[in-house]
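Everything quoted here is computed from the prediction, not taken from an experiment. We name chains A, B, ... by the order of the sequence lines, and we start the count at 1 in each one.
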Amino acid sequence: MATRGADGSGQSPADPWAALEGDLVRALADALAARGVSATPEQVALQLDWSGSEHGDLAFPLHRAAKAVGRDPSELAREIAGAMPALAGLSPPRPVGAFLNVAAEPRDLAATTLRSIFERGPRYGHLDLAGARVCVEHTSANPTGPFHVGRVRNGIIGDTLTRVLRATGAPVTSQYYVDDVGRQAAMVTWIWSKPVAEWPEEIRAVLPAVDDPDERADRRLGRPYPAVSQYLKTHPEAAAEVQALSRALESGHPPARHHELVTKVLEGMLASLARVGIRFDELVWESRFLSSGEVDRVVERLAAAPHAVTEPNGAAAIDAGDYGLPKESARVIVARADGTTLYATRDVAYHLEKFGRFPRVIDVLGQDHHLHARTLEALLTEIGETRRPEFVIYQDITVPDSGGGRMSTRHGKAVYLDDLLDEAEIRARAEILARREDMAPDEVAQVARTIAASAVRYHILRVAPDKTVAFRWEDALSFEGRSGPFLQYSYARASSILRKADGDAGPWPFDVDRLATPPERALIKRLSLLPGVVARVARTTHVHALAGFAHQLAEEFNRFYESTPVIKAGEERASRLALVAAARQGLGNALDLLGLSPLERM
RNA sequence: GGGCGUGUGGCUUAGUCUGGAUAGAGCACCGGGUUCCUAACCCGGCGGCCGGGGGUUCGAAUCCCCCCACGCCCGCCA
């Protein structure tokens, strides 16, 4: 039963397992019902074990069902196995102990999976679900200077989540909320509004001996920021100037150079993020909510809220004691006595706008913003808003070499994204030159850049968001094992085979009977799971799971590669080439979803 | 003090939400593999009372309670 590759009927399922799972789950639910166990197909699906073992691809434990009807689980398993109808594409259920094991018919799975990949191409792994509009807000760092790695974790999680949600078919808008009116932005404008000669000595000391006007703006203009931050703590008159500047920004009267400065710094920061593939659909300027009057309306609504109070000095606040906030934070200040507002108040205005445009709103926040998230929720409740953002909270990146603690520019404990990438690039270049002496210099440079980006991005992406990451240079710069370059290497190997296959561009007709070795079947199985993983990651927002899956896929490909000749194969050649093409597509799609760049050669 | 999070082999970690059949990986270490499609790879080995104690359950890394350790947050900054 030879099965042709591309040019099929065009009706391949997005997920090769969808029909198999549906049939199995319904049959199991029926079989259970016939024996007095009521279970919906959904409940059965929830108990299905996808981990796979020597017994099969899917397992269903019967302990619970057996207990419900007071029977022996093994016996029930045997009985149901005997009573199940034959299901297309699946082996007959096999009882092992209290488990019912089912395997996909390998030839059918291969045919379905390869057809789906060839028909869908770059969209394999995408789901076509056409979900509701989603807004993913992430990064939103103050425009005060270059990104350190800790801050970039936000962007890497947010950008990957954006890609994955988009792959489910939902229209996704990514937003960077730019605070151009806060105290932090005011500090940058404050110092650069003065001629350098008039800067306080301790701030001027951080400038380089020779100013380089071509240096990227976030570095050049952001350089004095940590020193300014320190200086203001001990110089109240300077702090008062910044406070006055902050008021001017809020009232819509920024100094002449303010917007230019913020924009330049931000552009530099965005250029830095772009090095690891992070980009935004929209920049949302905080000042917009002030000038539009929306912040004023929020202040008015909060003044009329159930727990509105006025502080002794005239500040407007919300007594949030009922919201479970820590004692010291129970009073949420909405507006100072002089009428200026605070971050949380303005954030309410921003979120109201988001709710108006998007049915689903996701905020990616560092764990230090956890309390802010709860405050925001409290304020939304106070104005009678029932919609909520979904918060994706991630933990810090710490710097053990600097005595521990979270990465922070102000505390001088930061590893900058650019420095890390630069070092990664140097090392990548050395690796390339050591093995590809024929590669042209500009390709070497390009490939080194790409490898560096993938190493850094993957290194941060691979860890679960609620795990604190201790930054170590050697780990972040690894190109082996569980790393981005490993994924790219697998892709490059696949590309290399196809390139050398007589210049044959495919598509290769495949015969599933010629893809029967264990490494081939394992690779196909892994490829078939990509859509399901995308669906799960979109649901859980656990983007690190996709990173783990991509590594398994690459591992499976490498095992196949090492064990199975392709170009020199005999009658299996065309089928194996088809599998290589499919693996390359699957790997490439996984790389795209992770925000990593596939490489034809490296 | 209160809150949030974490604790799995020497190191980094998956699995924990939704309890299941011998807890998966990577690094390091030891031993193999390249006349052949890229060895940034593959194969094998070593190494785990899943922080501690109690409980629930046919079954606990996973659920509940207590304790310990570590990180972070608790500002009229953002």
Side-chain angles (χ1 to χ4, degrees), chain A residues 43 46-47 49 51 53 55 59 61-64 66-67 73 96-99 101 140-142 144 179 182-185 229 246 286 311 313 315-317 324-338 340-344 346-347 366-374 393-396 398 404-406 428 431-432 434-436 451 455 462-464 466-470 472 474-475 478-483 485-486 488-490 492-501 540 542 544-545 548 551-552 554-555 558-559 561-569 576 580 601-602:
Chain A
Q43 290 167 327
L46 218 52
Q47 280 210 61
D49 181 352
S51 51
S53 69
H55 302 304
L62 282 156
H63 311 80
R64 202 170 307 183
K67 188 168 188 182
V96 179
F99 292 85
N101 295 283
S140 301
N142 286 320
T144 54
D179 182 6
R183 207 173 111 87
Q184 274 74 8
S229 180
S246 195
E286 190 167 6
E311 296 289 284
N313 70 356
L325 301 176
K327 247 181 261 150
E328 293 78 358
S329 302
R331 279 291 155 86
V332 178
I333 304 298
V334 171
R336 301 183 185 89
D338 66 4
T340 57
T341 56
L342 286 95
Y343 167 56
R346 290 176 240 132
D347 213 18
Q367 63 81 29
D368 55 328
H369 280 59
H370 193 101
L371 192 57
H372 169 69
R374 302 239 306 278
I393 307 276
Y394 64 94
Q395 299 294 317
D396 295 314
T398 60
R406 56 193 292 253
E431 294 288 332
I432 298 162
R435 50 194 106 196
R436 300 279 105 78
I451 289 173
R462 57 197 260 268
V463 183
D466 47 15
K467 209 84 105 177
T468 303
V469 172
R472 269 176 276 273
E474 327 84 70
D475 295 346
S478 169
F479 298 160
E480 295 172 2
R482 275 204 69 179
S483 73
F486 174 77
Q488 294 174 306
Y489 181 65
S490 310
R493 280 179 138 186
S495 302
S496 176
I497 291 178
L498 298 177
R499 219 170 24 241
K500 293 186 176 173
T540 60
H542 286 171
H544 70 285
H551 176 254
Q552 290 178 313
E555 248 183 343
N558 281 311
R559 273 196 271 270
Y561 181 97
E562 301 279 348
S563 63
T564 317
V566 177
I567 290 177
K568 294 199 164 86
R576 287 182 180 168
V580 172
R601 309 202 304 153
M602 64 184 279

Worksheet item: Say you draw a straight line from CD1 of A:I497 to OH of A:Y561; how long is it, rounded to the nearest 0.5 Å?
Response: 5.5 Å
Discussion item. Distance check, C1' atoms only: B:rU22 and B:rC66, in whole angstrom units.
Written reply: 32 Å
Fill in: Inter-nucleotide C1' distance (B:rG19, B:rC76), Å rounded
48 Å
Worksheet item: Below 3.5 Å, does any donor atom in the side chain of A:H63 face an acceptor in the base of B:rG20, or the other way round?
Response: yes
Worksheet item: Atom CG of A:N142 and atom CD of A:E286: how far apart are they, to the nearest 0.5 Å?
Response: 8.5 Å
Item to complete: Report the distance from atom CZ of A:R64 to atom C1' of B:rG19, rounded to the nearest whole Å.
Response: 7 Å
Worksheet item: Can A:F99 be classed as stacking with the base of B:rG20, given a centroid separation cut-off of 5.5 Å and a plane angle cut-off of 30°?
Response: no
Worksheet item: So what does A:R601 hit on the nucleic acid, given a heavy-atom distance under 4.0 Å: a base, only sugar-phosphate, or nothing?
Response: base
Fill in: Stacked pair A:H551-B:rG26, distance under 5.5 Å, angle under 30°
no
Discussion item. So that I know where these two stand, are A:F99 and A:H55 an aromatic pair - ring centroids less than 6.0 Å apart?
Written reply: no
Worksheet item: At under 4.0 Å between heavy atoms, what does A:R493 touch on the DNA or RNA strands: base, sugar-phosphate, or nothing?
Response: sugar-phosphate
Worksheet, complete the sentence: The nucleotide from B:rU57, B:rA21, B:rA25 with an atom nearest the side chain of A:K67 is B:rU57
Worksheet item: For A:E555, which contact category applies under a 4.0 Å heavy-atom criterion: base, sugar-phosphate, or nothing?
Response: sugar-phosphate
Worksheet entry | d(CZ, A:R482; P, B:rA14) in whole Å | 8 Å
Worksheet entry | base_contact_polar (B:rC77 base, A:Q184 side chain, donor-acceptor, <3.5 Å) | yes
Discussion item. Ignoring hydrogens and geometry beyond distance, is the side chain of A:N313 in donor-acceptor contact with the base of B:rC76 at under 3.5 Å?
Written reply: yes
Worksheet item: Rounded to whole angstroms, how far apart are NZ on A:K467 and C1' on B:rU6?
Response: 7 Å
Worksheet item: How long is the line joining CZ of A:F486 and P of B:rG26, in whole Å?
Response: 8 Å
Worksheet item: What is the distance, rounded to the nearest whole Å, between atom CD1 of A:I393 and atom C1' of B:rG5?
Response: 10 Å
Response to the item:
Checking N1-N3 plus N6-O4 or O6-N4 for Watson-Crick, or N1-O2 and O6-N3 for wobble, each under 3.5 Å, the partner of B:rC4 is B:rG71
Worksheet entry | Whole-angstrom distance between B:rU18 and B:rC68, as gauged at atom P | 28 Å
Worksheet item: Which whole number of Å gives the distance between the P atom of B:rC27 and that of B:rC43?
Response: 11 Å
Discussion item. Rounding to an integer number of Å, can you tell me how far A:R183 CZ sits from B:rG75 C1'?
Written reply: 10 Å
Worksheet entry | Touch class at under 4.0 angstrom, heavy-atom based, for A:H544 against every strand present | sugar-phosphate
Worksheet item: Within the modelled atom types, does a donor on one side and an acceptor on the other bring the side chain of A:N101 and the base of B:rA21 under 3.5 Å apart?
Response: yes
Discussion item. Using a 4.0 Å heavy-atom cut-off, does A:A464 contact any base of the nucleic acid, only the sugar-phosphate backbone, or nothing at all?
Written reply: sugar-phosphate
Practice prompt. Provide the Watson-Crick or G-U wobble partner of B:rC50, both distances under 3.5 Å; none if there is no partner.
Written response: none
Discussion item. Between A:E431 and A:I451, is there a side-chain heavy-atom distance shorter than 4.5 Å?
Written reply: no
Worksheet entry | Sugar-phosphate, base or nothing in reach of A:T564, heavy atoms under 4.0 Å | base
Discussion item. If you apply the rule side chain to side chain donor-acceptor pair (under 3.5 Å), what do you find for A:T398 with A:D396, and how did you get there?
Written reply: CA-CA 6 Å; A:T398 60; A:D396 295 314; over 6 Å; no
Discussion item. Suppose you measure atom C1' in B:rA14 against the same atom in B:rC58; what distance do you get, rounded to whole Å?
Written reply: 28 Å
Worksheet item: CD of A:Q47 versus C1' of B:rA21: gap in Å, rounded?
Response: 14 Å
Worksheet item: Roughly how far apart, to the nearest Å, are B:rA60 and B:rG53 at atom C1'?
Response: 15 Å
Discussion item. On the nucleotide B:rA78, are OP1 or OP2 found under 4.0 Å from the side-chain N or O atoms that A:R346 carries?
Written reply: yes
Worksheet item: Could you give the CE-to-P distance, from A:M602 to B:rC37, as a whole number of Å?
Response: 18 Å
Discussion item. If I pick the C1' atom on B:rC72 and the same atom on B:rU56, what distance separates them, to the nearest angstrom?
Written reply: 33 Å
Fill in: B:rC74 to B:rG9 separation - P atoms, rounded to the nearest Å
32 Å
Worksheet item: Mind checking who B:rA78 pairs with, Watson-Crick or G-U wobble, both distances under 3.5 Å?
Response: none
Worksheet item: Just checking A:D475: base, sugar-phosphate only, or nothing, at a heavy-atom cut-off of under 4.0 Å?
Response: nothing
